[in-house]
2 protein chains.
Amino acid sequence: MFVAGHQMGVVLDAAPFVRELAVAAYDAGAREVVVVWEDEAVRRLGAERRSERADADFPAWHTDAMNEHALAGDALLVVDAKDPRLLSGLPQDRLSARAAELQRRWRPSSEVIGRLATNWAFVTAATPGWARSVFPGEPDDVATELLWEAILHAVRADLPDPVEAWRSHVADLAARARYLTERRFRALRFVGPGTDLDVGLADGHVWCGGAATAGSGVSFVPNLPTEEVFTAPHRRRVTGHVRGTQPVPIRGEIVEGWELEFKDGRVVAATAQAGEEALLALLATDKGASRLGEVALVAGSSPTRATGVRFEHPVFEENLACHIALGRAYAPTVDGGASMTADELLAHGANTSDEHVDIMCGSPEVTVSGIRSDGGVEPLLVGGQWVW
Amino acid sequence: MFVAGHQMGVVLDAAPFVRELAVAAYDAGAREVVVVWEDEAVRRLGAERRSERADADFPAWHTDAMNEHALAGDALLVVDAKDPRLLSGLPQDRLSARAAELQRRWRPSSEVIGRLATNWAFVTAATPGWARSVFPGEPDDVATELLWEAILHAVRADLPDPVEAWRSHVADLAARARYLTERRFRALRFVGPGTDLDVGLADGHVWCGGAATAGSGVSFVPNLPTEEVFTAPHRRRVTGHVRGTQPVPIRGEIVEGWELEFKDGRVVAATAQAGEEALLALLATDKGASRLGEVALVAGSSPTRATGVRFEHPVFEENLACHIALGRAYAPTVDGGASMTADELLAHGANTSDEHVDIMCGSPEVTVSGIRSDGGVEPLLVGGQWVW
């Protein structure tokens, strides 16, 4: 099993949790547990102090680590525990260029992960750096404990039988995904304050959610928590405007009050009340970063929402509300996509990019409907709740 | 600059020191500071729990890291802060086989380091895990503070002008090394309680000590502290018996009360009062591990000795007393050796092995003399002090 962090290593402050994970992995029969670490202070320092010409100079071993384990079919566990404001105030253009270079070098593992060729999971751990941002004003130990409680509630780990709770939950998500796939909607429509968006769906799109099955046959839940069902938009068939309903961390900035205008699938106008520079930098990363690669539906009731906590973290924010994602599509969200070439996926309308950033556009005030190919409209989520 | 630990990564507990180092490196103009980390708890757990067939399966990235930076000519800084008893009680044969495999994979960087092709330094940092072993019974914070004080005294960092102190100190070591090289002794003789050993010297041997000059032209002090002058024994010309005067950590065990018998350069008998298994495992690593690759002379007065601390760490122990090293010779200890092939070095009598472990055999009771090629004997160290 290979344990990494969101961008490269697990932050050092997550060590107590990682040590317990390693014990559990050996108990479960792991042949070897390999961990790659990263220190947030050294990372921040590097972003402040390295010479600009070194921005794209990642040591080969640094990016080979993830690719090597992914291609070997090892189980991958990403323990994300980063401070969402770590890189605040630094030049966005340089951070963007560096992040894009990292994504380019990670293409082999992104491919493996996207195609579910091996089993992986993305989980989180509470650390003082992150907890300070979520519970400002609390002492570090109190904030960290509060964040742990919220995480454990959101991932159903505080229930009497968490494993059974997850079996039942992923079965429910799978049933919804099957229904939506069978409806073969041409598009989804989001209507609410500041939002009137038609998201055309990819040809042969498939709805996914809950558990997945790796090429190796191992069944796994990629994200903890996960409350969403999701599929691939058509990269050229998104039209209208959309207003964000949650802040989103992008490149170390919290982007708030954002609005996007789409034409023929592409973002043609973007504004934000805070973090606009980071949003614009993201959109400019590559050709696919200004198009959608995912649309996801999330009901308003979930343990994540019940915590009432503003996690400032994508894996929680994306489970609070319906969202769209700028950047690449997941191959399994197109029928037969896991064995398609990139060109074949593009021909189906599934987007490609080195980026994939979820941005929340759902709320109880936003109604989501499915549009049939005959033009008929079927409400799906009203008042933040499934209508079936 | 690449910052690593003794075997792979810097231990997590050394993070506060590494962060200060990184700031200093950027201040000194480093283009980028890259750190590889390792957690001692995960390391111990792996040694306990990984399957035996995984012992030799290091991920490529793990060992590529050091090789990549060494071959690129990057400055290398090893921050050793490990708990000397971390791997106590585990099966020596498996630890030995794994350590040997690691050394094999690190041959490219060992070559660069041994030939001084780039500048590097081996330093230490106090951590609770190490400090507990040195100051048993003290609370962690007190023990760590006491160990820091001892380290800073040993490396002359508590003097009013540490840089000038180092300039003067390495000039003194260089003058002694020049004198010994010019004497062209055939052998050194160690005589004391339990010890009567003749260490024949390699053909064209050169004495080194203090600062070195990298292939890049950068002058550097490879070890902090360093109090020794050293050269290459002849791998086939060591005869007699020798008794250890200090405990030596080998493969996570503290080896005490050891005695070795040499014939024609090779260890033909070995015993120890504690840790004998680890000593025997070391000797069996490869053909060169039972022959000498270094002989070093250290006077009895030094800041390291003045601390009175038993550091349980090679870089300090080796500066307490004269020592010999089992394993490979340093290429620069043969005239022109830095540009010789391995076969040419062997032809001069300089040993080769994946190991290099210093073992202390000097004390105030051990007299060290030089033997001229005409058989004449010149005392060098008497009562632990230089006679010139």
Side-chain angles (χ1 to χ4, degrees), chain A residues 1-5 8-16 18-69 71-72 74 98, chain B residues 1-5 8-16 18-69 71-72 74 98:
Chain A
M1 184 177 76
F2 179 57
V3 185
M8 200 50 204
V10 189
V11 306
L12 304 195
D13 283 337
V18 170
R19 290 169 191 152
E20 290 190 46
L21 271 180
V23 171
Y26 282 117
D27 285 347
R31 173 191 166 98
E32 163 98 60
V33 179
V34 175
V35 185
V36 61
W37 301 94
E38 187 169 18
D39 182 48
E40 291 198 287
V42 172
R43 187 176 184 188
R44 166 88 203 184
L45 192 67
E48 287 171 356
R49 303 286 305 268
R50 80 166 60 82
S51 66
E52 187 160 357
R53 71 204 159 91
D55 271 354
D57 283 356
F58 296 92
W61 68 268
H62 186 96
T63 44
D64 286 351
M66 181 64 89
N67 292 338
E68 177 181 358
H69 292 285
L71 293 171
D74 295 341
R98 187 166 163 86
Chain B
M1 183 176 77
F2 180 57
V3 184
M8 200 49 205
V10 189
V11 306
L12 304 195
D13 283 339
V18 170
R19 290 168 191 152
E20 289 190 48
L21 272 179
V23 171
Y26 282 117
D27 284 348
R31 173 190 166 97
E32 164 98 60
V33 179
V34 175
V35 185
V36 61
W37 301 94
E38 186 169 20
D39 181 49
E40 291 197 290
V42 172
R43 187 175 182 187
R44 165 89 203 184
L45 191 68
E48 288 171 356
R49 302 287 305 269
R50 80 167 60 80
S51 68
E52 187 159 357
R53 70 202 159 92
D55 271 356
D57 283 356
F58 295 93
W61 68 267
H62 187 96
T63 43
D64 286 351
M66 181 64 90
N67 292 338
E68 176 181 358
H69 291 285
L71 293 172
D74 294 341
R98 187 167 163 88

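In the text below, chain A, chain B and the rest are named by the order of the sequence lines, each starting its count at 1.
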Shortest non-hydrogen contact from [X] to [Y]?
{"X": "A/A60", "Y": "B/E68", "result": "N-OE2, 2.7 Å"}
{"X": "A/L45", "Y": "B/R19", "result": "CD2-O, 4.3 Å"}
{"X": "A/V42", "Y": "B/V33", "result": "CG1-O, 4.4 Å"}

Is there a donor-acceptor pair under 3.5 Å between the side chain of A/E32 and the backbone N or O of B/D57?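 A pair under 3.5 Å: no.
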Option in B/V35, B/L12, B/V36 with maximal non-hydrogen atom pairs under 4.5 Å from chain A: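 Top option by heavy-atom pairs under 4.5 Å: B/L12.
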Can you tell which part of B/R43 gets under 4.5 Å to a heavy atom of chain A, answering side chain, backbone, both or neither?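 Looking at B/R43, nothing touches chain A.
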Per-residue contact mode, B/E38 against chain A (heavy atom under 4.5 angstrom):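 Backbone of B/E38 only, per the 4.5 Å heavy-atom cut-off to chain A.
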Chain B interface, residue from A/T63, A/V34, A/D64 that has the most non-hydrogen pairs under 4.5 Å: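 With the most close heavy-atom pairs to chain B, the winner is A/V34.
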Heavy-atom pairs under 4.5 Å with chain B - which of A/G29, A/P59, A/A41, A/A72 has more of them than the others?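 Answer, by heavy-atom pair count under 4.5 Å with chain B: A/P59.
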Would you give the length of the straight line joining atom OH of A/Y26 to atom CZ of B/R50, rounded to the nearest 0.5 angstrom?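 Answer for the OH-CZ pair, A/Y26 versus B/R50, is 5.5 Å.
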Can you name the side-chain hydrogen bond (donor to acceptor under 3.5 Å, both in side chains) partners of A/W37, sequence neighbours left out?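 Per chain and number, A/W37 pairs via side-chain hydrogen bond (donor to acceptor under 3.5 Å, both in side chains) with no residue.
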Working for side-chain contact (heavy atoms from CB on, under 4.5 Å), residues B/R49 and A/D27: CA-CA 9 Å; B/R49 302 287 305 269; A/D27 285 347; 2.7 Å; yes
Do A/W61 and B/H62 get their side chains close enough for a donor-acceptor pair, meaning under 3.5 Å?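 Absent: no donor and acceptor within the cut-off.
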